[in-house]
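Heads up: the structure comes next, in structure tokens.
Since this is a predicted model, take the numbers as computed values, not measurements. Just the heavy atoms: all of them, side chains too, but no hydrogens, waters or symmetry mates, feed the values below.
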Amino acid sequence: MDLFLYNSYTRKKQIFIPVKDDSVTMYACGPTVYGPGHIGNGRSAIVFDTLARVLRYKYKNLIYVRNITDVDDKIINTAKEEKVETSFVTKKFTEEYHNDFARLHVLPPDIEPYATDHITQMIDFIKILIKNGNAYFSESHVLFNVSSFTGYGELSGRKTEDMIPGARIKVASYKKNPSDFVLWKPSPNNEVGWESPWGRGRPGWHLECSAMIKEHLGETIDIHGGGEDLTFPHHENEIAQSVCCNDKPLAKFWIHNGLLRTNKLKMSKSLGNFILMKDLLKEYDGEAIRLAILSSHYRQPLIWSSDLLIQSVKTLNKLYSSIKGYDLEVSKDECTPDKKVLKALYDDLNTPKALAEIFSISKKISKSENKVELTQSLIGSANLLGLLNFSSDDKKFKKTSESNIDYIKDLIEERKIARVKKDYLESDRIRDILIKLGVEINDN
RNA sequence: GGCCACUUGGCGGAGUGGUUACGCAGCGGCCUGCAAAGCCGUGGACGCCAGUUCGAAUCUGGCAGUGGCCUCCA
């Protein structure tokens, strides 16, 4: 079965054929660790994790790289405000991201490079760009000369002359051209920095990805991904740097996930309308959040709401109850994905369609003679989406906070006694309380 | 101003030139002390206006609305 993916670069759905037959390379832009992650960061991680799972299923080898940006002005500013070292900030939030992602059942990437571990590679990268005439030194900065690269703007579909220079950020004096971007910038002695041929300084944002891709995956990779908002300028600049440095295309496929919205507006740190992963995870299980994200196609904008989450919790409970008992008879490696589910996923990661097929298997189980077989197919399919990670005996998918558990257990016990006494008035009263606490009662 | 998306039932959300998507919620039934779950059944939709066509929610054009990007962002 062929895999099709929508390539942002060509704006078409195309058949995916890796550069090397059995080995696939994928790079996704990871977070800048200057603050806690919001659910938009989570969407991106979940989308590329799901794609990685599908690629791993189809191909023998996948090398999936997701970076950590641990040098950046925002990190420096946070450290200043909190009066701590930048390494304290980056360590703290890297850990938070790792925790949040794990609870969303996002598997760790094969390689997770840190920008600060690749300063040498970045300096070498700049040297080549200067030598090739694509970069210049000006007022302690090294800048990429956009006019030296004819392919500039092809990914994002824009021309430099269409853009309004300084529309949001005023044009710096050291730039020859408003579109030029920083490869290296000076650092004062009291800020994080590294020695370089251009003085003590630090790299510009876009450079790390180009340098780390080259280091870990090679000059041309199969898939480069990230949020839609990174298309311009970040990915456009990566292409410019890498193509000019290596004289080869950077990536065969560009994959971008759509942005999350709250009400009408995109969720973003700058607008302040974001929902933190860690806050959401206090109230909902990660699997329900993951289901909520995958219930929409990855390229579509998704309006985030509590209704969506409540629906996901219910749906997940139904899936678990359909395999209740049967899942204990199967081992994970006997579980292979259903053909129709695979077909949906191979069609540009159509997770809503894949979920519809999963529901259809789930519905069949109770009526079927081959309950175990269908359970295997259901679990195998759901696992490919990072769902149904627990056994049906675990109650982890319920929307219940840890602190309530003892109280809930007591209530359930009291209700049992009331029912034995046939005091149904009392048992119904307790059930109402439990329902309000988000606990569903299943008497059989 | 330039460029790019999107618009499907109460809500979420796929897909297709003619036939049930699916999920949640609703309604009717079986089951149950009553519920829930499960099972059976069921109503309800394709932004607006033209065009192409035997037939358009699907293709084409126009319009409207919503959103994104134009050097912070996933």
Side-chain angles (χ1 to χ4, degrees), chain A residues 8 11 28-32 34 37-48 66 72-74 77 146 153 156-172 175 178-182 204-206 225-234 236-237 256-261 264-271 274 291-292 295-297 299-303 305 307-308 310-319 321-322 324 344 347 350-360 362-363 365-367 419 422-425 427-428 431-432 434-435 440-444:
Chain A
S8 312
R11 265 155 252 209
C29 290
T32 303
Y34 70 99
H38 61 71
I39 187 60
N41 301 102
R43 184 182 197 189
S44 197
I46 288 169
V47 164
F48 290 101
R66 188 190 63 212
D72 178 89
D73 286 1
K74 291 188 289 289
N77 291 339
V146 166
S156 52
R158 69 189 70 216
K159 296 168 186 151
T160 39
E161 53 268 33
D162 287 341
M163 294 190 272
I164 303 166
R168 270 209 324 228
I169 306 289
K170 66 168 182 271
V171 180
K175 290 186 179 183
S179 296
D180 292 351
F181 56 90
V182 170
W205 172 38
H206 316 294
E228 201 174 47
D229 52 351
L230 295 182
T231 310
F232 191 90
H234 184 53
E236 196 71 71
N237 292 355
H256 291 102
N257 65 275
L259 302 181
L260 239 39
R261 294 189 206 166
K264 291 290 165 67
L265 291 172
K266 75 159 176 172
M267 190 184 291
S268 86
K269 290 188 181 173
S270 51
L271 292 171
F274 51 86
L291 177 62
S295 71
S296 157
H297 185 83
R299 282 193 281 118
Q300 295 293 103
L302 175 59
I303 297 175
S305 68
D307 281 354
L308 178 66
I310 290 162
Q311 183 179 313
S312 300
V313 171
K314 282 181 186 166
T315 306
L316 203 53
N317 279 332
K318 279 198 177 182
L319 281 180
S321 72
S322 75
K324 194 157 188 67
D347 181 16
N350 191 337
T351 53
K353 175 89 172 158
L355 286 168
E357 300 296 350
I358 283 172
F359 297 138
S360 140
S362 165
K363 266 195 143 175
I365 292 178
S366 70
K367 286 182 277 187
R419 290 189 72 236
K422 295 197 189 295
D423 183 358
Y424 294 122
L425 222 61
S427 72
D428 287 356
R431 182 170 58 201
D432 285 347
L434 284 168
I435 285 167
E440 285 172 33
I441 296 297
N442 190 337
D443 281 341
N444 302 318

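Looking at the side chain of H297(A), the nearest of the listed nucleotides rU66(B), rG12(B), rA14(B) is rA14(B).
Heavy atoms of N257(A) sit under 4.0 angstrom from at least one base atom. At a threshold of 4.0 angstrom between heavy atoms, the contacts of L355(A) with the nucleic acid are absent. Using a 4.0 Å heavy-atom criterion, one finds that L308(A) contacts the sugar-phosphate atoms exclusively. No contact: G37(A) has no heavy atom under 4.0 Å from any strand. Among the protein residues, Q300(A) comes within range of the sugar-phosphate backbone only, with heavy atoms under 4.0 Å from sugar or phosphate atoms but none that close to a base.
Between rG18(B) and rG12(B), the two C1' atoms lie 28 Å apart (nearest whole Å). Nucleotides rG23(B) and rC30(B) have their P atoms positioned 23 Å apart, rounded to a whole Å. On the P atoms, rA36(B) is 25 Å away from rG44(B), given to the nearest whole Å.
Side-chain contact between N77(A) and Y34(A) is absent, with no heavy-atom pair separated by less than 4.5 Å.
The partner of rU71(B), taking Watson-Crick or G-U wobble pairs whose two distances both stay under 3.5 Å, does not exist in any strand shown.
For E228(A) and rG68(B), a side-chain-to-base donor-acceptor distance below 3.5 Å is absent, hydrogens and geometry of angles not being considered.
Using modelled atom types, no side-chain atom of D347(A) and backbone atom of A344(A) make a donor-acceptor pair closer than 3.5 Å.
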